[in-house]
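Sequence positions, counted from 1, serve as the residue numbers for this chain.
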Amino acid sequence: WTGLSEFTDAKKCAKFLNDFKDQSQTVLRSYCKMKAGAYRKLAEGKIVHTINGERQKSSPEEIERLQREAQEWEALSVFPE
């Protein structure tokens, strides 16, 4: 059984898109765009994590990773020509 979840990373999603390239991908491409937006907002501090009501500040390394993941998801949101 092959599938995706909210925990699937962009690399696994890219493989899924490739494996099922003959199927309609409209919903999944939209999902990728939403994932890109969420990672971008996390990197910008517009979405934050809290623990016991305390905002958790992202490290520079975490921000860099989030920006990279946003780019990966954004690339997947575009239909190939």
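K57 meets the side-chain contact (heavy atoms from CB on, under 4.5 Å) test with no other residue; sequence neighbours excluded. Residues forming a side-chain hydrogen bond (donor to acceptor under 3.5 Å, both in side chains) with Q71 (at least two apart in sequence, or on another chain): none. In this structure K15 satisfies the side-chain contact (heavy atoms from CB on, under 4.5 Å) test together with D19, sequence neighbours excluded. In this structure, K41 has no salt bridge (Lys or Arg N to Asp or Glu O under 4.0 Å) partners at least two apart in sequence or on a different chain. Not counting sequence neighbours, the partners of F16 by the ring pair (Phe, Tyr, Trp, His ring centres under 6.0 Å) test are F20. Qualifying side-chain contact (heavy atoms from CB on, under 4.5 Å) partners for S30, counting only residues two or more places apart in sequence or in other chains: none. Legend: residues meeting side-chain hydrogen bond (donor to acceptor under 3.5 Å, both in side chains) with K33, ordered by chain and number and at least two apart, are E74. Legend: residues meeting side-chain contact (heavy atoms from CB on, under 4.5 Å) with R29, ordered by chain and number and at least two apart, are L17, Q25, F79, P80. Remark: S59 engages E61 in a side-chain hydrogen bond (donor to acceptor under 3.5 Å, both in side chains) (not counting sequence neighbours). Every side-chain hydrogen bond (donor to acceptor under 3.5 Å, both in side chains) that Y39 has, sequence neighbours left out, goes to E69. Residues meeting the salt bridge (Lys or Arg N to Asp or Glu O under 4.0 Å) test with K21, sequence neighbours left out: none.
Applying the side chain to side chain donor-acceptor pair (under 3.5 Å) test to every pair with at least one member in residues 46-55, sequence neighbours left out, gives these pairs: E44-K46.
E64 CD: 12 or fewer foreign heavy atoms inside a 6.0 Å radius.
If you chain together hydrophobic residues whose side chains sit under 4.5 Å apart, V48 and L66 never meet in one group.
The pair K35-E6 fails the salt-bridge criterion, with no side-chain N (NZ, NE, NH1 or NH2) lying under 4.0 Å from an Asp/Glu carboxylate O.
Residues I63 and L42 fail the side-chain proximity criterion, which asks for heavy atoms closer than 4.5 Å.
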